[in-house]
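I have placed the structure first, in the form of structure tokens, so that the comments after it can refer back to it.
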Amino acid sequence: MNLFDFIFYNSLKIFVNIFFRLTYKLKIINSKVIPQKGGVLIVGNHSSWLDTLFLNCAITRPVWFVTGEFILKTPILGEIVKHLCIIPISRNNGNKGIEIAIEKIKEGNVVCIFPEGELTKTGELQRFRNGVALIQKQTNTNVIPFYISGAFESWSYKQKKPKLFKNIIIRFGETFTPSGEKDSEIANEIRNKVKALL
């Protein structure tokens, strides 16, 4: 991250934090589990267009978000997010995004991934894809699960605009290291940890 991106990111983070604390009833539980330094992988549900912004309010450190490549092609928004901590991942070539996520963790950064791969259309937790297992195995890093409640009601997949002043709860689970060997086993183990935070 260059100096301009650093200043832009932190300025936007401060603004978002103030704005969301004024327009939503945010409750953050157990954020102390996130270490102040060192690489770590945080993993959770994806139910709202605002999930990344809510998480930025809950975590003091910069967070690198693995997100769909389409966001960079979105007018105006694409120009903004390219200066933020974004790891674009393509449906056709997801390996490149995974490699970048692995590199960021090894450099000592916080990386967040939503392993459902897309916004839930029902509000229910969907199947976790195996990309999260590849990142964890290649970095041998700890995983911190989280669950965001209330976000689906605020701005879900089908809503045209957000509903403000909703109760939003971000709950972090305890740090753990998956014990599975197969990618599917690791992904499912992480999903169970996330689901337990419901």
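Everything quoted here is computed from the prediction, not taken from an experiment. We use all heavy atoms of the structure for the numbers below, so side chains are in, but hydrogens, waters and symmetry mates are not.
- For Arg129 (side chain) and Gly117 (main-chain N/O), no donor-acceptor pair under 3.5 Å exists by modelled atom type.
- Distance alone, capped at 3.5 Å, is enough to place a donor-acceptor pair between the Gln136 side chain and the Thr141 backbone.
- Between Phe114 and Phe146, the angle of the ring planes goes over 60°, which puts this pair in the perpendicular group of the 30/60° scheme.
- Gln159 contributes a side-chain N or O that, together with a main-chain N or O of Ser154, makes up a donor-acceptor pair within less than 3.5 Å.
- When atom types are taken as modelled, the side chain of Glu189 and the backbone of Ser179 share a donor-acceptor pair closer than 3.5 angstrom.
- Enclosure of atom CD in Glu107 by more than 12 non-hydrogen atoms of other residues, nucleotides or ligands within 6.0 angstrom is indicated.
- Of the possible donor and acceptor atoms, one in the side chain of Glu116 sits under 3.5 Å from a partner among the backbone N and O of Gln126.
- Relative ring orientation between His83 and Phe4 is described as perpendicular, the plane-to-plane angle rising above 60° on a 0-90° scale split at 30° and 60°.
- Looking at Arg21, its side chain does come within 3.5 Å of a backbone N or O of Cys57 through a donor-acceptor pair.
- Listed for the Lys13 side chain is a donor-acceptor partner under 3.5 Å among the backbone atoms of Asn56.
- Put simply, CD1 on Ile89 and CD1 on Ile98 are 5.0 Å apart, with the number rounded to the nearest 0.5 Å.
- Between Lys82 and Asp5, none of the side-chain N atoms (NZ, or NE/NH1/NH2) sits under 4.0 Å from a carboxylate O, so this pair counts as no salt bridge.
- Checked by atom type and distance alone, the side chain of Asp183 never pairs as donor or acceptor with a backbone atom of Ala133 at under 3.5 Å.
- Tyr24 has its ring centre no less than 6.0 Å from the ring centre of Phe165.
- Looking only at distances, no side-chain donor or acceptor of Gln138 sits under 3.5 Å from a matching main-chain atom of Ile135.
- Note that OG of Ser90 and NZ of Lys96 are 9.5 Å apart. Values are rounded to the nearest 0.5 Å.
- Dense packing is recorded around CG of Leu198, with more than 12 heavy atoms of other residues, nucleotides or ligands lying under 6.0 Å away.
- For Asn109 (side chain) and Lys104 (main-chain N/O), a donor-acceptor pair under 3.5 Å exists by modelled atom type.
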**Message:** Test side chain to side chain donor-acceptor pair (under 3.5 Å) on Asn142 and Thr175; report intermediate values, then the result.
**Reply:** CA-CA 6 Å; Asn142 292 327; Thr175 303; 5.7 Å; no
